[in-house]
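Single-structure report; data block below.
Sequential numbering from 1 along the given sequence is applied to the chain's residues.
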Amino acid sequence: MNQTTTFRTPSGDDMVVMPRALYEKLVSDAEAAQDVTAYDKAKARLASGEDELVPGNIANRLPDGENRVRVWREHRAMPAWHLAKQANISASYLSDIQNGKKAGSVAAMKAALGVELEDLI
């Protein structure tokens, strides 16, 4: 029952008819190959420093509503005064950002913390 049948349509297309089990195996194998490729790319980004692993305790703080600037600053073990200096803002302005009183410049925080835009918003 693992037999395929081939035929040509009147318009000249080559067609294959196969048992559903074979079709589903081919789809599964293709999906697995895509997963392996994605894994290999992720490992390469980690190895090159283009991407980083984020510990669970940090990753869990983000969806819990904590201020993303504060979370990333603490993950980077960066004192607040240093981040303020890197972002070219005052320490009090950074404090307002971390306390949700002001929005601040996402571009400045992104550059100073070394994160992607989606990590901050």
Inset, instruction - Could you work out the complete set of other residues in the hydrophobic cluster of Y39, with links drawn between I, L, V, M, F, W and Y side chains under 4.5 Å apart? - result: none
Inset, instruction - Would you indicate whether the side-chain heavy atoms of F7 and D14 approach each other to under 4.5 Å? - result: no
Inset, instruction - Quick one: list whatever passes side chain to side chain donor-acceptor pair (under 3.5 Å) with T9, sequence neighbours left out. - result: S11
Inset, instruction - Would you list the pairs meeting salt bridge (Lys or Arg N to Asp or Glu O under 4.0 Å) in which at least one residue belongs to residues 88-101, sequence neighbours left out? - result: D96-K102
Legend entry - Listed partners of R20 passing side chain to side chain donor-acceptor pair (under 3.5 Å), at least two apart: none
Inset, instruction - Could you list who else is in V36's hydrophobic cluster, with ILVMFWY side chains joined at under 4.5 Å, directly or through other members? - result: none
Pair up each side-chain donor or acceptor in residues 53-67 with any protein partner under 3.5 Å, not counting sequence neighbours, and list the distances.
{"unit_1": "N60", "atom_1": "ND2", "unit_2": "G56", "atom_2": "O", "d": "3.1"}
{"unit_1": "R61", "atom_1": "NE", "unit_2": "E66", "atom_2": "OE1", "d": "3.0"}
{"unit_1": "R61", "atom_1": "NE", "unit_2": "E66", "atom_2": "OE2", "d": "3.1"}
{"unit_1": "R61", "atom_1": "NH1", "unit_2": "E74", "atom_2": "OE1", "d": "3.1"}
{"unit_1": "R61", "atom_1": "NH2", "unit_2": "E66", "atom_2": "OE1", "d": "2.9"}
{"unit_1": "R61", "atom_1": "NH2", "unit_2": "E74", "atom_2": "OE1", "d": "2.7"}
{"unit_1": "N67", "atom_1": "OD1", "unit_2": "V69", "atom_2": "N", "d": "2.9"}
{"unit_1": "N67", "atom_1": "OD1", "unit_2": "R70", "atom_2": "N", "d": "3.0"}
{"unit_1": "N67", "atom_1": "ND2", "unit_2": "I97", "atom_2": "O", "d": "2.9"}

Please report, to 0.1 Å, the donor-acceptor pairs under 3.5 Å made by any side chain of residues 85-92, with sequence neighbours excluded.
{"unit_1": "S90", "atom_1": "OG", "unit_2": "S92", "atom_2": "OG", "d": "3.2"}
{"unit_1": "S90", "atom_1": "OG", "unit_2": "Y93", "atom_2": "N", "d": "3.0"}

Side chains of residues 41-49: which donor-acceptor partners sit under 3.5 Å, not counting sequence neighbours?
{"unit_1": "S48", "atom_1": "OG", "unit_2": "A44", "atom_2": "O", "d": "3.3"}
{"unit_1": "S48", "atom_1": "OG", "unit_2": "R45", "atom_2": "O", "d": "3.1"}
{"unit_1": "S48", "atom_1": "OG", "unit_2": "E50", "atom_2": "N", "d": "3.3"}

Inset, instruction - For residues L113 and R73, determine if any side-chain heavy atom of one lies less than 4.5 Å from a side-chain heavy atom of the other. - result: yes
Quick one: side chains of residues 21-29, donor-acceptor pairs under 3.5 Å with protein atoms, not counting sequence neighbours, listed by atom name and distance.
{"unit_1": "K25", "atom_1": "NZ", "unit_2": "D29", "atom_2": "OD1", "d": "3.3"}
{"unit_1": "K25", "atom_1": "NZ", "unit_2": "D29", "atom_2": "OD2", "d": "2.9"}

Legend entry - Contacts of type salt bridge (charged side-chain N to carboxylate O under 4.0 Å, His left out), residue D13, not counting sequence neighbours: none
Legend entry - Residue pairs fulfilling ring pair (Phe, Tyr, Trp, His ring centres under 6.0 Å) with at least one residue in residues 100-121, sequence neighbours excluded: none
Inset, instruction - Please test M18 against T5 for side chain to side chain contact (heavy atoms under 4.5 Å, CB included), starting from the C-alpha separation and ending with a verdict. - result: CA-CA 6 Å; M18 67 182 76; T5 302; over 6 Å; no
